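For clarity, every value in this text was computed on a predicted model and none was experimentally measured.
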Amino acid sequence: MEIEIDNAIFEICKSHIKIFKSECLEADYNYFKDKTQDEWNIMFIQSCILQTKNMIKLKNKLLSGGIQSKYINDLFYTILKYNHKYEQGLFSFNEINEWSIEPYLIKKTTTKYTLI
């Protein structure tokens, strides 16, 4: 799964991403040491969105940085939707093929086929 995120978002959050990165590396250096900057950016956004307080703070920061509310809402919705799909293991056959979902992650398909 790929989500396109405007780089302006990461520029606005640059100092917070650095703090997030240093705290993660301090907690478990061996696990996080090989992450790319893109992975750090996505992990930061996801961790903020998964906690309501942080999501509100992030949205306000992005709004004050000039990001449109509609874009922020669409981004948050998309990330929350994908997190829900992965947590519940609910995927359509199209998503399974498009995103190359591993079989062990699939608990139930969301598409119903009827043979005539």
Side-chain angles (χ1 to χ4, degrees):
M1 168 201 58
E2 274 189 39
I3 300 174
E4 286 225 9
I5 300 176
D6 189 350
N7 281 332
I9 289 176
F10 302 127
E11 285 300 316
I12 293 168
C13 299
K14 195 173 191 174
S15 63
H16 295 288
I17 293 171
K18 283 183 181 180
I19 294 168
F20 174 76
K21 183 177 179 178
S22 67
E23 287 179 3
C24 289
L25 287 169
E26 189 176 306
D28 190 351
Y29 179 78
N30 290 326
Y31 179 76
F32 291 109
K33 68 180 178 181
D34 297 326
K35 301 288 183 195
T36 65
Q37 188 58 46
D38 286 342
E39 290 172 319
W40 282 111
N41 293 342
I42 296 300
M43 286 190 304
F44 172 76
I45 297 291
Q46 282 183 322
S47 68
C48 287
I49 290 173
L50 293 177
Q51 298 176 4
T52 307
K53 260 187 182 177
N54 291 337
M55 182 169 55
I56 293 167
K57 288 178 185 177
L58 177 61
K59 182 175 181 176
N60 290 335
K61 183 161 186 71
L62 295 176
L63 286 171
S64 66
I67 305 296
Q68 293 181 0
S69 180
K70 183 180 182 334
Y71 180 80
I72 297 168
N73 291 339
D74 288 345
L75 175 65
F76 286 6
Y77 172 78
T78 302
I79 291 174
L80 287 170
K81 180 176 78 171
Y82 289 134
N83 281 342
H84 176 74
K85 284 182 168 289
Y86 276 95
E87 285 175 2
Q88 301 299 314
L90 301 172
F91 301 99
S92 69
F93 289 113
N94 184 51
E95 292 166 341
I96 293 167
N97 289 330
E98 249 184 53
W99 303 340
S100 302
I101 305 292
E102 297 292 329
Y104 71 90
L105 293 173
I106 304 165
K107 295 178 184 163
K108 184 177 179 184
T109 58
T110 57
T111 308
K112 305 244 188 255
Y113 284 108
T114 304
L115 296 175
I116 299 174

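Neither Trp40 nor Ile19 shares a network with the other; the hydrophobic side chains, linked directly or stepwise wherever heavy atoms of I, L, V, M, F, W or Y lie under 4.5 Å apart, form separate groups for each. With hydrophobic clusters built from ILVMFWY side chains whose heavy atoms lie under 4.5 angstrom apart, Leu90 does not share a cluster with Ile79. Note: the hydrophobic cluster containing Ile56 does not contain Leu75 (ILVMFWY, side chain heavy atoms under 4.5 Å, direct or indirect links). By the rule that hydrophobic residues join a cluster once side-chain heavy atoms approach within less than 4.5 Å of another member, Phe32 and Leu50 end up as members of one cluster.
Of the inter-residue distances, the one linking Ile106 atom CD1 with Ile96 atom CD1 reads 3.5 Å to the nearest 0.5 angstrom. Distance check: Cys24 SG to Ile17 CD1 gives 11.5 Å after rounding to the nearest 0.5 Å. Atom CG in Leu105 sits 11.5 Å away from atom OG in Ser100 (nearest 0.5 Å). Note: Thr78 OG1 to Asn73 CG = 10.5 Å, rounded to the nearest 0.5 Å.
In plain terms, the two heavy atoms of Leu63 and Ile67 that are nearest each other are CD2-O, 3.5 Å.
Screening residues 57-83 for salt bridge (charged side-chain N to carboxylate O under 4.0 Å, His left out) gives Lys70-Asp74 as the qualifying pairs, with residues at least two apart or on separate chains. Evaluation of the salt bridge (charged side-chain N to carboxylate O under 4.0 Å, His left out) test over residues 30-52, restricted to residues two or more places apart or in two chains, returns none. Within the structure, the side chain to side chain donor-acceptor pair (under 3.5 Å) test picks out no pair touching residues 10-28 (sequence neighbours left out).
The shortest distance between side-chain heavy atoms of Leu58 and Ile45 falls below 4.5 Å. Gln37 is not listed as a side-chain neighbour of Phe10, based on a closest heavy-atom distance of 4.5 Å or more. Side-chain contact check for Cys13 versus Leu62: some heavy-atom pair is nearer than 4.5 Å.
Residue-environment remark: OH (Tyr77) stays at or below the threshold of 12 foreign heavy atoms within 6.0 Å.
The ring-ring contact (aromatic ring centres under 6.0 Å, His included) test with Tyr82 singles out one residue from Trp99, Phe76, Phe91, and that residue is Trp99.
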